[in-house]
Amino acid sequence: MPPDELEGFVMLIVSSPSGAGKTTLCARLRQQFPDLRFSVSHTTRKPRPGELDGREYHFVDEANFERMIQQGQFAEWARVHDRYYGTALEEVENARRSAKGIIFDIDYQGARQMRATMPEAVGVFILPPSHAELERRLRGRGTEDEETTLRRLGNAKREIAHYGLFDYVLVNDDIDAAALRLGSIVIAERCRRSRHSLRCERLLAQAQSFERSP
Ligand code: ADP
Ligand code: 5GP
């Protein structure tokens, strides 16, 4: 992609405690912005029913994940809910070549690493309306056994405590309202002045030939 196209490239990090609704909200974003790429992470957790290798995640075993860490293949990686999760550098490079932006669904540890190496990335933290509603949603999804559910609910406090790492906080109360707010963040980020310097300079150069002394 030419450098001036890259100026408009948006990197959005979406994080939340498990069950707050980020997968649901990201699916809405995907419909609204078909020109954005959704980063497919590597993980050592087992696929849930309906999940496909290469679509929701690249499902790998611990040995393969650790080999990738040693070979420096990750833009970021972390241990989350006692499993490995990571974003391959290749994922980011592919997006830069073929999309107008990339959305990362990663935890706060990954967000911190991304922001250190890619400060232009924008972070959105999604909150549930209450802890009771978080538990209702996580249990209602029905994808986790009791031990994993309790581990995820127990980790929510530490995750929420890191809200300060993010630029935006969004409460996922009503799904339509929350999806509208998330989409608005993408639109606002696309309008950021720093993403339009080349366009402004180009227009200035064109306008120069019409310049008259006052
Ligand atoms: P996460 O990806 O953050 O773990 P999910 O997107 O899987 O969370 O959502 C957890 C559950 O909550 C799912 O069953 C989803 O359908 C439901 N859910 C998501 N957003 C809302 C909402 N605004 N109101 C009610 N239920 C929701
Ligand atoms: P889940 O198992 O519910 O799909 O995801 C569990 C947690 O792992 C979520 O908080 C999710 O954002 C996070 N996660 C998913 N992929 C990555 C990744 O590549 N890196 C990091 N750091 N976290 C991830």
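Every number for a ligand or one of its atoms is a count from 1 in the order of the listing.
Checked for salt-bridge contact, Glu62 and Arg67 miss the test: no charged N lies under 4.0 Å from a carboxylate O. Ion pairing between Asp173 and Arg181 holds under the 4.0 Å rule for side-chain N and carboxylate O. Taking the charged nitrogens against the carboxylate oxygens, Arg137 and Glu133 do have a contact shorter than 4.0 Å, which makes a salt bridge. Taking the charged nitrogens against the carboxylate oxygens, Arg48 and Glu144 do have a contact shorter than 4.0 Å, which makes a salt bridge. Remark: Asp35 engages Arg190 in a salt bridge, criterion side-chain N to carboxylate O under 4.0 Å. In summary, Asp167 and Arg115 engage in a salt bridge, as defined by a charged side-chain N under 4.0 Å from a carboxylate O. One finds no salt bridge joining Asp82 and Arg45 here, because no Lys/Arg side-chain nitrogen approaches an Asp/Glu carboxylate oxygen to under 4.0 Å. Remark: Glu91 engages Arg37 in a salt bridge, criterion side-chain N to carboxylate O under 4.0 Å.
Contact record, Glu159 with Pro17: OE1-CA, 3.1 Å, taken as the closest heavy-atom pair. Nearest approach of Cys26 to Phe38, heavy atoms of both residues: O-CE2, 3.5 Å.
Each of the atoms 19 (O) of ligand 2 lies under 4.0 Å from some heavy atom of Thr87. Within the listing of ligand 1, atoms 3 (O) sit less than 4.0 angstrom from a heavy atom of Ser16. Which parts of ligand 2 touch Gly110 is read off a 4.0 Å heavy-atom cut-off, strictly below it: atoms 22 (N). Near Arg152, meaning under 4.0 Å from any of its heavy atoms, are these atoms of ligand 2: 1 (P), 2 (O), 3 (O), 6 (C). Within ligand 2, the atoms closer than 4.0 Å to a non-hydrogen atom of Ala78 are 22 (N), numbered from 1 in the order shown. Of all atoms in ligand 1, numbered sequentially from 1 with element shown, those under 4.0 Å from a heavy atom of Ile175 are 20 (N), 23 (N). Of all the atoms in ligand 2, the ones that sit under 4.0 Å from a non-hydrogen atom of Asp105 are 11 (C), 12 (O), 14 (N), 15 (C), 16 (N), 17 (C), 24 (C). Using a 4.0 Å cut-off to heavy atoms of Arg45, the atoms of ligand 2 that qualify are 1 (P), 2 (O), 4 (O).
At a heavy-atom cutoff of 4.0 Å, ligand 2 is contacted by the side chain of Arg48 but not by its backbone. When non-hydrogen atoms are compared, ligand 1 lies under 4.0 Å from neither the backbone nor the side chain of Leu138. Only the side chain of Tyr57 comes within 4.0 Å of ligand 2, counting heavy atoms alone; its backbone N, CA, C and O stay farther away. In Arg112, neither the side chain nor the backbone holds a heavy atom less than 4.0 Å from any atom of ligand 2.
Atom 16 (N) of ligand 2 has Ser41 OG, 3.2 Å as its closest protein atom, hydrogens excluded (heavy atom only). Given atom 20 (N) of ligand 1, the protein heavy atom at minimum distance is Asn172 ND2, 3.0 Å. Looking only at heavy atoms of the protein, atom 7 (C) of ligand 2 is closest to Val80 CG1, 3.7 Å. Considering only non-hydrogen protein atoms, atom 6 (O) of ligand 1 sits nearest to Thr24 OG1, 2.5 Å. Among protein heavy atoms, the minimum distance from atom 10 (C) of ligand 1 is reached at Gly19 O, 3.5 Å. Of the protein's non-hydrogen atoms, the one nearest atom 13 (C) of ligand 2 is Asp107 N, 3.8 Å. The shortest contact between atom 2 (O) of ligand 1 and any protein heavy atom is with Thr23 OG1, 2.4 Å. Among protein heavy atoms, atom 8 (O) of ligand 1 sits closest to Gly21 N, 3.1 Å.
For Tyr85, a nitrogen or oxygen atom sits less than 3.5 Å from a nitrogen or oxygen atom of ligand 2, counting backbone and side chain alike. For ligand 2, the polar-atom distance check finds an N/O of Glu76 within less than 3.5 Å of one of the ligand's N/O atoms. Close N/O approach between Glu159 and ligand 2 is not found [any backbone or side-chain N/O within under 3.5 Å]. Of the N or O atoms in Gly86, one or more lie within a sub-3.5 Å distance of an N or O in ligand 2. Considering backbone and side-chain atoms alike, His42 places every N or O at 3.5 Å or more from each N or O of ligand 2. Considering backbone and side-chain atoms together, Ser18 places no N or O closer than 3.5 Å to any N or O of ligand 2. For ligand 2, the polar-atom distance check finds no N/O of Gln109 at less than 3.5 Å from any of the ligand's N/O atoms. Considering backbone and side-chain N/O of Asp105, none are found under 3.5 Å from N/O of ligand 1. Checking only distances, His81 never comes within under 3.5 Å of ligand 2, N or O to N or O.
By the rule that hydrophobic residues join a cluster once side-chain heavy atoms approach within less than 4.5 Å of another member, Met114 and Tyr57 end up as members of separate clusters. Note: the hydrophobic cluster containing Leu134 does not contain Ile126 (ILVMFWY, side chain heavy atoms under 4.5 Å, direct or indirect links). In the hydrophobic clustering of ILVMFWY residues, with side-chain heavy atoms under 4.5 Å counting as a link, Ile160 and Val14 come out apart.
For atom 18 (N) of ligand 1, the nearest non-hydrogen atom from the set Arg141, Arg139, Arg137 belongs to Arg137.
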Checking Val10 against Lys100 for the side-chain contact (heavy atoms from CB on, under 4.5 Å) test, could you report, in this order, the C-alpha distance in whole Å, the side-chain angles of both residues, the deciding distance, and whether it holds? CA-CA 7 Å; Val10 174; Lys100 290 279 176 61; over 6 Å; no
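Distances shorter than 4.0 angstrom occur between a heavy atom of Asp173 and an atom of ligand 1. Proximity of Lys22 to ligand 2 is established by a heavy-atom distance of less than 4.0 Å. For Gln113, the heavy-atom gap to ligand 2 stays at 4.0 angstrom or more.
A cation-pi arrangement is found for Arg79 relative to Tyr84, the charged atom lying closer than 6.0 Å to the ring centre and inside a 45° cone about the ring normal.
Val124 pairs with exactly one of Leu25, Ile103, Leu170, Ile13 by the side chain to side chain contact (heavy atoms under 4.5 Å, CB included) rule, that one being Leu170.
At most 12 heavy atoms of other shown residues, nucleotides or ligands fall within 6.0 angstrom of atom CD in Glu147.
Asn172 places no side-chain N or O within 3.5 Å of a backbone atom of Ala178 that could act as its donor or acceptor partner.
At least one side-chain heavy atom of Phe59 sits less than 4.5 Å from a side-chain heavy atom of Thr43.
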